[in-house]
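Right, one structure below, let's go through it.
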Number of protein chains: 2
Amino acid sequence: MSTEDLLRLDLQLCFPLYAASRAMVQAYTPLLAKLGLTYPQYLVMLVLWETDGVTVKELGEKLYLDSGTLTPLLKRLEALGMLRRERSKEDARSVTASLTPQGRALRRKAASVPEAIVCRTGLTLEELARLRRDVLKLFEKLSK
Amino acid sequence: MSTEDLLRLDLQLCFPLYAASRAMVQAYTPLLAKLGLTYPQYLVMLVLWETDGVTVKELGEKLYLDSGTLTPLLKRLEALGMLRRERSKEDARSVTASLTPQGRALRRKAASVPEAIVCRTGLTLEELARLRRDVLKLFEKLSK
DNA sequence: CCCAATTCAATTGCGCGCAATTGAATCGAG
DNA sequence: CTCGATTCAATTGCGCGCAATTGAATTGGG
């Protein structure tokens with residue numbers, strides 16, 4: 001493959017990845033709109049539904065996002081009544097996000113989202129699992 | 001697989017895709033910084049290097065971006081001296097972007113970028129081609 | 001115990017993405 | 001030829017992402 005070819009938009013991996021990622025978020029958008037959430041907000045809620053009471057730092061480690069993204073996002077979720085933000089008593093440098101009853105209750109309404117997305121892709125669970133594994137492998141290579 | 005499992009962050013395809021896409025852009029960032037470009041700006045340049053003199057609409061169709069994104073981005077590239085924007089004479093509704101000599105010359109400096117990224121992924125060209133094909137298939141399913 | 005280094009979240013600034021709207025130009029049915 | 005519908009780019013508004021900086025709290029070496 002020539003350098004010329006490598007510069008071709010349609011032959012690169014990055015652009016399809018970038019386009020697919022945005023298309024995926026677009027697929028979630030109308031579903032999440034019913035819950036009053038954006039996609040990044042939904043990611044934060046997924047973490048909290050799994051492990052309530054996490055710090056900004058922990059959220060950042062799980063989602064690969066920094067405080068510049070998370071702080072305003074968490075403030076919006078707090079304004080929506082989904083969670084509370086409070087300074088940790090043990091370590092006053094850190095801030096913990098905890099679900100409100102309303103935030104916890106939203107989980108049931110969100111339960112139908114993943115299956116709807118799986119259907120939307122038109123792929124089998126096996127195909128999805130393989131693609132997920134391959135993309136994750138790429139991600140790990142890039143993170144190093 | 002239960003609904004519970006589907007809701008788990010790490011089992012979903014979307015989050016790895018989202019994380020990998022951002023990691024990929026991050027991998028490009030230092031390389032493109034040497035050219036004075038952001039990743040979306042680089043995508044526009046790739047299109048222009050392949051086909052000079054495209055309208056905002058055509059750029060949007062190739063990159064899946066709308067005028068709300070492209071208009072300010074093209075203005076920045078114009079301010080950088082990479083291209084000119086002008087109203088089409090045939091159809092005064094459309095605007096055409098054309099490379100300046102400087103913009104055309106940048107292609108040589110950009111030639112080393114794709115290979116550097118390929119190395120960065122640590123994947124073989126075959127693995128990359130397969131992943132690209134699979135991601136593209138997903139994208140097409142989601143675009144429908 | 002002290003203070004320099006580190007670790008936190010918050011803030012600032014900027015460039016996307018994208019929905020929604022605007023306004024100009026063109027098209028096309030009648 | 002006309003005028004309503006359509007097609008353009010531009011604009012507005014908002015929520016990310018992320019680099020860089022700030023300032024407060026904590027840590028740890030001496």
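Each chain gets a letter, A, B and so on, in the order the sequences are listed, and its residues count up from 1.
- Applying the 4.0 Å criterion to OP1 and OP2 of D:dG17, one finds that B:Gln26 has every side-chain N and O outside that range.
- For B:Glu78 and D:dA10, the CD to P distance is 10 Å, given to the nearest whole Å.
- Residue B:Leu70 is classed as having no contact, given no heavy-atom separation below 4.0 Å to the nucleic acid.
- Residue contacts shown for A:Ser94 are limited to sugar-phosphate atoms, with no base heavy atom under 4.0 Å away.
- Among D:dA10, D:dC8, C:dA25, the nucleotide with an atom closest to any side-chain atom of B:Val95 is D:dA10.
- Between A:Leu59 atom CG and D:dC16 atom P the separation is 13 Å, expressed in whole Å.
- Distances shorter than 4.0 Å separate some side-chain N or O of A:Thr38 from OP1 or OP2 on D:dC16.
- For the pair B:Tyr39 OH and D:dC18 P, the interatomic distance rounds to 14 Å; values are reported in whole Å.
- In this structure, the OH atom of A:Tyr64 is 16 Å from the P atom of D:dA19, given to the nearest Å.
- As judged by a 4.0 angstrom heavy-atom cut-off over every strand, A:Glu58 is placed among residues making no nucleic acid contact.
- Counting only heavy atoms from C-beta on, B:Asp91 has its side chain closest to C:dT26 among C:dT26, D:dC8, D:dC18.
- Using cut-offs of 30° and 60° on the angle between ring planes, the pair A:Tyr42 and A:Trp49 is perpendicular.
- Note on A:Thr69: every side-chain N or O is 4.0 Å or more away from OP1 and OP2 of D:dG17.
- Side-chain contact between B:Lys141 and A:Leu123 is present, with at least one heavy-atom pair separated by less than 4.5 Å.
- Among the protein residues, A:Thr55 comes within range of the sugar-phosphate backbone only, with heavy atoms under 4.0 Å from sugar or phosphate atoms but none that close to a base.
- Residues B:Ser67 and B:Pro72 come closest through the heavy atom pair O-CD, 3.9 Å.
- Following rounding to the nearest Å, A:Leu63 (CG) and D:dC16 (P) show an atom-to-atom distance of 12 Å.
- You'll find that the side chain of A:Arg93 is closest to C:dC8, out of C:dC8, C:dC18, D:dC18.
- Mapping B:Ala92 and B:Pro40 onto DNA chain C by nearest heavy atom places B:Pro40 closer to the 5' end of the strand.
- Rounded to whole Å, the distance from CD on B:Glu86 to C1' on D:dA9 is 15 Å.
- Of the candidates C:dG17, C:dC8, C:dA19, C:dA19 carries the atom nearest the B:Asp66 side chain, counting heavy atoms from C-beta on.
- Here the shortest heavy-atom pairing between B:Leu99 and B:Met45 reads CD2-CE, 3.7 Å.
- Contact annotation: B:Arg87 does not reach the phosphate of D:dA9 (side-chain N/O to OP1 or OP2, under 4.0 Å).
- Nearest heavy atom pair, residue A:Leu48 against residue A:Ala97, reads CD2-O, 3.5 Å.
- When the side-chain nitrogen and oxygen atoms of A:Lys75 are compared with OP1 and OP2 of C:dT11, one or more of them lie within a distance under 4.0 Å.
- The distance between atom CG of B:Leu32 and atom P of C:dC16, rounded to the nearest whole Å, is 11 Å.
- For the pair B:Arg22 CZ and C:dC16 P, the interatomic distance rounds to 17 Å; values are reported in whole Å.
- Relative orientation of the B:Tyr39 and B:Tyr28 rings is tilted, given thresholds of 30° and 60° on the angle between their planes.
- Distances shown here put a side-chain N or O of B:Thr71 below 4.0 Å from the OP1 or OP2 atom of D:dA10.
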